[in-house]
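Below is one structure, written out as structure tokens; the observations come after it.
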Amino acid sequence: MRYTGLSKSDMPLDTDLEVKIIKHDSKNARARHFFFLLLFAAITISAGARAAAEDVSVWVYHNFPPYIVNATEREGISYDLVRLLTEMSDGRFQFNVEVLPRPRLEKRFMSGDPGIVLWVNHVWFGDPDRTRFLWTNPILTDKNVIVSPKGASFQYDGPKSLYGMTLIGVRGHSYAEVDGLVEEGLVDRIDLNAEGQLMRFVASGRGQVAIIANSAARYFVRELDLSDTIHFSKKPHSTYQRYIMVQPHLEPLHEFLQEAILRLKRSEEWAESVQKYGLNAAPLR
């Protein structure tokens with residue numbers, strides 16, 4: 001009987017090499033397969049974390065710079081703030097800015113819709129003792145300033161100094177201690193639709209005196225190049241702090257915001273944003 005098989009010692013050297021290569025490629029294939037499984041798992045976990053994030057409605061009625069600069073491009077310190085808060089939550093919350101007129105915002109908030117309101121003060125919402133709603137630590141320090149044309153500069157010295165004058169205001173805004181004078185006929189009032197319009201009106205010399213948030217006034221002076229035409233009274237109309245107002249039933253969210261704001265005030269990115277818009281951050285407490 002003729003035997004035609006080859007023993008292992010009779011096999012060519014290149015066949016041994018081929019066997020080793022096949023085994024090596026098999027190991028590489030398993031390694032690549034394992035890598036892609038890990039990558040897929042990481043992507044799935046990340047997507048699941050994002051999907052699990054709780055959407056938070058963030059209502060803003062300060063629809064003017066620097067709070068809202070460009071809603072389409074999401075420019076303004078409101079957008080900077082919610083982006084940082086979302087990042088700080090590590091996938092727990094997704095904060096979304098919604099710009100609303102104040103009457104509609106109040107209706108939604110007072111009806112109990114879940115959400116938070118940026119840049120407000122407890123006195124403005126009938127909660128002087130901060131017992132009706134939840135309030136965070138203050139975020140910004142601001143004031144209402146008195147501006148007038150530089151060619152006819154006016155120094156404010158309390159409400160009585162406005163007697164006989166025409167006050168330029170923003171439609172829908174109330175001004176403590178001044179609204180009563182308007183009702184009594186001691187001060188005339190002209191309302192415009194927006195802060196930028198008010199600043200241009202005064203700069204043109206058409207308005208005697210106006211009350212406006214310092215944060216907005218300084219922004220428009222810089223952006224509209226009004227430094228040579230606008231006078232700021234040394235004495236402000238009022239000084240206050242801006243907070244975040246939270247629905248009473250959103251206690252876990254409020255707790256997160258309290259902790260996040262403390263971190264925010266130590267954040268270089270937040271400091272840069274505040275400086276960029278010419279604002280004053282509230283001090284740490």
Derivation and outcome, side chain to side chain contact (heavy atoms under 4.5 Å, CB included), residues Asn121 and Asp142: CA-CA 11 Å; Asn121 187 281; Asp142 206 349; over 6 Å; no
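- Side-chain contact between Asp80 and Lys276: present, with at least one pair of heavy atoms (C-beta onward) separated by less than 4.5 Å.
- Cluster annotation: Val178 and Phe201 are assigned to the same hydrophobic cluster (Ile/Leu/Val/Met/Phe/Trp/Tyr, side-chain heavy-atom contacts under 4.5 Å, transitive).
- In this structure, Tyr219 and Val69 have side chains that are in contact, with non-hydrogen atoms separated by less than 4.5 Å.
- The main-chain N or O of Leu262 is found under 3.5 Å from a side-chain atom of Arg266 such that the two form a donor-acceptor pair.
- In this pair, Tyr240 and Trp124 present their aromatic rings perpendicular. The plane angle is above 60°, beyond the 30 to 60° band.
- Side-chain atoms of Met110 and Phe133, non-hydrogen and from C-beta on, do get closer than 4.5 Å to each other.
- Here the straight-line distance linking atom CH2 of Trp270 with atom CZ of Arg83 works out to 10.0 Å at 0.5 Å rounding.
- Leu253 contributes atom CG, which lies 10.5 Å from atom CD of Gln258 (distance to the nearest 0.5 angstrom).
- Taking a cutoff of 4.0 Å between a charged side-chain nitrogen and a carboxylate oxygen, Arg263 and Glu259 qualify as a salt bridge.
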Side chain to side chain contact (heavy atoms under 4.5 Å, CB included) for Met165 and Leu167? Distances and angles first, verdict last. CA-CA 6 Å; Met165 302 195 73; Leu167 174 73; over 6 Å; no
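- Under the 4.0 Å criterion applied to side-chain N and carboxylate O atoms, Asp179 and Arg189 are assigned as salt-bridge partners.
- The minimum heavy-atom distance between Leu279 and Pro66, with the atom names listed, is CD2-CG, 3.8 Å.
- Going from atom OH of Tyr79 over to atom CG of Asn96 covers 10.5 Å, rounded to the nearest 0.5 Å.
- More than 12 heavy atoms of other residues, nucleotides or ligands lie within 6.0 Å of CD in Gln155, so this atom counts as buried by the packing criterion.
- Shown here is Glu98, whose CD atom has more than 12 heavy atoms of other residues, nucleotides or ligands within 6.0 Å.
- Distance CZ/Phe95 to OG/Ser78: 13.5 Å, rounded to 0.5 Å.
- Here the closest non-hydrogen pair linking Thr86 and Phe93 is CG2-O, 3.5 Å.
- No more than 12 heavy atoms of other residues, nucleotides or ligands sit less than 6.0 Å from atom NZ of Lys107.
- In summary, the side chains of Asp127 and Trp135 do present a donor paired with an acceptor at a separation below 3.5 Å, with no hydrogens or angles considered.
- At least one donor-acceptor pair closer than 3.5 Å links the side chain of Thr136 to the backbone N or O of Ile244.
- Residue Arg132 comes nearest to Phe125 through the heavy atom pair NH1-O, 3.5 Å, listed as atom of the first residue, atom of the second, then distance.
- Note that CD1 of Ile146 and CG of Asn214 are 11.5 Å apart. Values are rounded to the nearest 0.5 Å.
- The two residues Ser215 and Arg242 have their closest heavy-atom pair at OG-NH2, 4.1 Å.
- Both cation-pi conditions hold for Arg102 and Tyr61: the charged atom is under 6.0 angstrom from the six-membered ring centre and inside a 45 degree cone around its axis.
- Ring geometry for Tyr67 against Trp119 counts as tilted: the plane angle lies between 30° and 60°, on a 0 to 90° scale.
- Looking at heavy atoms from C-beta onward, Glu223 lies out of side-chain contact with Met199 at the 4.5 angstrom threshold.
- Here Leu85 contributes atom CG and Arg92 contributes atom CZ; the two are 12.5 Å apart, rounded to the nearest 0.5 Å.
- Side chains of His237 and Tyr156 form a contact here, defined as non-hydrogen atoms less than 4.5 Å apart.
- A single hydrophobic cluster is seen to contain both Ile68 and Val58, as judged by linkage of ILVMFWY side chains at heavy-atom distances under 4.5 Å, directly or through other members.
- Both Val182 and Leu192 sit in one connected hydrophobic cluster of ILVMFWY residues. Membership requires side-chain heavy atoms under 4.5 Å apart, directly or through other members.
- Put simply, the side chain of Gln247 never gets that close to the backbone of Pro114: no donor and acceptor are under 3.5 Å apart.
- Counting heavy atoms from C-beta outward, Ile230 and Phe220 have side chains that stay 4.5 Å or more apart.
- Hydrophobic clustering, with ILVMFWY side chains joined whenever heavy atoms are under 4.5 angstrom apart, keeps Val145 apart from Val123.
- Hydrophobic clustering (side-chain heavy atoms under 4.5 Å, transitive across Ile, Leu, Val, Met, Phe, Trp, Tyr) keeps Val60 apart from Val117.
- Checked by atom type and distance alone, the side chain of Ser148 pairs as donor or acceptor with a backbone atom of Phe154 at under 3.5 Å.
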Would Gln197 and Arg171 satisfy side chain to side chain contact (heavy atoms under 4.5 Å, CB included), going step by step from the backbone distance to the final call? CA-CA 11 Å; Gln197 189 179 0; Arg171 186 167 287 107; over 6 Å; no
Please evaluate residues Val170 and Ile212 with respect to the criterion side chain to side chain contact (heavy atoms under 4.5 Å, CB included), reporting the C-alpha separation (whole Å), side-chain torsions for both, the decisive distance (0.1 Å), and the verdict. CA-CA 8 Å; Val170 175; Ile212 182 173; 6.0 Å; no
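- Heavy-atom minimum distance, Glu195 versus Phe64: OE1-CD2, 3.1 Å.
- Across all their heavy atoms, Tyr243 and Asn137 have their closest contact at CD2-C, 3.8 Å.
- A heavy-atom distance below 4.5 Å is not found between the side chains of Pro159 and Val187.
- The side-chain heavy atoms of Val147 and Val221, taken from C-beta on, include no pair separated by under 4.5 Å.
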